[in-house]
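Notes follow once the structure below has been shown.
Each chain gets a letter, A, B and so on, in the order its sequence line appears, and its residues count up from 1.
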2 protein chains.
Amino acid sequence: MGRQMTEMLKGTLEGIVLALLTGKPAYGYEITTLLREQGFSEIAEGTVYALLVRIEQKGLVDVEKRPSEKGPPRKVYSLNSQGEKELDEFWNTWSFLSERLEQLRKDGK
Amino acid sequence: MGRQMTEMLKGTLEGIVLALLTGKPAYGYEITTLLREQGFSEIAEGTVYALLVRIEQKGLVDVEKRPSEKGPPRKVYSLNSQGEKELDEFWNTWSFLSERLEQLRKDGK
DNA sequence: CTTCACTACTTAGCGTTACTATATACCAGT
DNA sequence: ACTGGTATATAGTAACGCTAAGTAGTGAAG
């Protein structure tokens with residue numbers, strides 16, 4: 001992972017995961033796969049699991065343990081109302097930053 | 001500053017400052033003022049100066065000391081070729097992330 | 001002449017986050 | 001037994017923005 005991307009993911013990766021979780025609960029391994037499919041090809045598994053622990057502790061998701069046919073039990077995360085609120089705020093923060101940056105990019109040309 | 005914004009600025013603030021510097025050299029206090037005018041109203045001075053030290057050490061900017069009529073001498077930073085290259089990469093990284101996020105936002109609705 | 005306000009830069013210590021590396025565990029096929 | 005895919009956990013590290021406090025120069029107000 002590039003240094004720039006690593007730093008830029010700070011603060012956005014949590015939002016990305018919350019967004020992935022809207023409407024469709026998922027477990028860690030699945031989320032990692034989803035991220036890789038969506039172009040975040042180099043995100044380490046450990047990063048995702050640590051993030052999931054964090055958002056669980058913050059109370060943004062509900063967790064349910066379910067058996068898997070193919071391995072150890074899965075921890076399925078689903079967005080709760082507090083998580084939805086956090087996601088809303090995330091989009092607001094993102095919009096602000098995004099608009100400022102697009103403005104800057106325009107000015108630079 | 002909100003927690004989310006603080007985290008999101010990691011990795012982007014450097015790019016923002018590099019972008020501000022394109023074409024028009026500036027000194028720290030001036031950059032802080034510019035940022036505040038552009039909506040980043042709560043960015044601490046210390047943050048900016050620390051960032052400037054960093055990008056100088058990374059060799060992304062050239063520095064010139066100039067007397068001020070109103071206070072201590074100014075350190076004027078100008079983007080050099082390595083800084084321009086870094087800024088290019090920054091925009092690439094930003095574009096990638098930005099596109100993924102806009103896609104996610106669309107899907108969520 | 002001293003106090004205040006504005007300009008201008010510096011730095012130590014802190015909290016948060018993503019990464020690296022490693023470990024554990026379950027199951028299927030060879 | 002061994003390999004490979006599925007699935008989770010965690011200790012240690014580095015990077016970065018924030019807080020807080022300090023130094024220094026100039027000019028105006030009292």
Side-chain angles (χ1 to χ4, degrees), chain A residues 1-18 25-36 40-58 60-61 63-77 86 90 93 97, chain B residues 1-18 25-36 40-58 60-61 63-77 86 90 93 97:
Chain A
M1 183 78 56
R3 178 198 124 264
Q4 281 187 340
M5 184 59 88
T6 289
E7 290 309 318
M8 236 184 257
L9 281 175
K10 290 182 181 176
T12 58
L13 187 55
E14 181 180 308
I16 290 169
V17 169
L18 293 179
Y27 54 97
Y29 191 81
E30 191 182 6
I31 292 169
T32 305
T33 306
L34 278 172
L35 286 170
R36 297 210 211 273
F40 298 100
S41 47
E42 298 177 79
I43 288 189
E45 278 199 280
T47 299
V48 176
Y49 287 111
L51 189 155
L52 290 172
V53 168
R54 224 161 54 223
I55 64 177
E56 181 184 358
Q57 279 168 355
K58 286 203 243 177
L60 308 180
V61 287
V63 190
E64 196 193 342
K65 210 160 215 167
R66 285 200 218 148
S68 162
E69 325 82 40
K70 292 188 169 181
R74 298 165 173 165
K75 283 180 74 177
V76 177
Y77 295 84
E86 179 83 1
F90 169 78
T93 308
L97 194 57
Chain B
M1 184 75 59
R3 178 197 123 263
Q4 280 187 341
M5 184 58 88
T6 291
E7 290 308 319
M8 236 184 258
L9 282 175
K10 291 184 182 176
T12 57
L13 187 56
E14 181 181 305
I16 291 168
V17 169
L18 292 179
Y27 54 97
Y29 191 82
E30 192 183 7
I31 292 169
T32 304
T33 306
L34 278 173
L35 285 171
R36 296 209 211 273
F40 299 99
S41 48
E42 299 177 77
I43 288 189
E45 274 198 283
T47 299
V48 176
Y49 286 112
L51 188 155
L52 290 172
V53 167
R54 222 161 56 225
I55 63 177
E56 182 184 356
Q57 279 167 353
K58 287 203 243 177
L60 308 179
V61 287
V63 190
E64 197 193 342
K65 211 160 215 168
R66 286 200 217 147
S68 160
E69 325 81 42
K70 291 189 168 182
R74 297 166 174 166
K75 283 179 74 176
V76 178
Y77 295 84
E86 178 82 1
F90 169 77
T93 307
L97 194 58

For the side chain of [X], starting at C-beta, report the closest nucleotide among [options].
X	options	result
A:K58	C:dT7, C:dT17, D:dT8	C:dT17
B:Y49	C:dT20, C:dT11, C:dA18	C:dT11
B:K70	C:dT7, C:dT10, C:dT11	C:dT7
A:K75	C:dC19, D:dA7, D:dA9	D:dA9
B:Y29	D:dA9, D:dC16, C:dC9	C:dC9
B:E7	C:dT16, D:dT10, D:dT19	C:dT16

For [X], report the nucleic acid contact type (base, sugar-phosphate, nothing); a contact means any heavy atom under 4.0 Å.
X	answer
B:L13	sugar-phosphate
B:T47	base
A:G46	base

What is the distance, rounded to the nearest whole Å, between atom [atom1] of [X] and atom [atom2] of [N]?
X	N	atom1	atom2	answer
A:R74	C:dA25	CZ	C1'	15 Å
A:R54	D:dT10	CZ	P	14 Å
B:I31	D:dG17	CD1	P	14 Å
A:E30	D:dG5	CD	C1'	16 Å
A:E14	C:dA18	CD	P	8 Å
B:E45	C:dT11	CD	P	15 Å
B:K10	C:dG15	NZ	P	12 Å
B:Q4	D:dG17	CD	P	17 Å

Review point. Do the side-chain N and O atoms of B:Q4 and A:E86 include a donor-acceptor pair separated by under 3.5 angstrom?
Key: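 A pair is found: one side chain offers a donor N or O, the other an acceptor, under 3.5 Å apart.
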Point to revise | Of A:E69 and A:T12, the one whose closest DNA chain C nucleotide lies more 5' | key: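 That would be A:T12.
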Check your understanding: Should we count NZ of B:K58 as having more than 12 external heavy atoms under 6.0 Å?
Key ->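 Yes, because the 6.0 Å sphere around NZ of B:K58 holds more than 12 heavy atoms from other groups.
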Under 4.0 Å from OP1 or OP2 of [N]: is there any side-chain N or O of [X] that close?
X	N	value
B:R3	C:dT17	yes
B:S68	C:dT7	no
A:Y27	D:dA7	yes

Check your understanding: Which comes earlier along DNA chain D counting from the 5' end, the contact point of B:M5 or that of A:G71, where each point is its nearest nucleotide?
Key ->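 Nearest-nucleotide comparison on DNA chain D picks A:G71.
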Point to revise | Derivation and outcome, side-chain contact (heavy atoms from CB on, under 4.5 Å), residues B:I43 and B:L13 | key: CA-CA 10 Å; B:I43 288 189; B:L13 187 56; 3.7 Å; yes
**Study point:** Value rounded to 0.5 Å, distance of CG in A:L60 from OH in A:Y77
**Key:** 12.0 Å
Practice item. Measure the spacing between OG1 of B:T93 and CE of A:M8 and express it to the nearest 0.5 Å. Key: 5.0 Å
Practice item. Could you tell me whether A:K75 and A:E56 have a side-chain N and a carboxylate O separated by less than 4.0 Å? Key: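 A salt bridge links A:K75 with A:E56.
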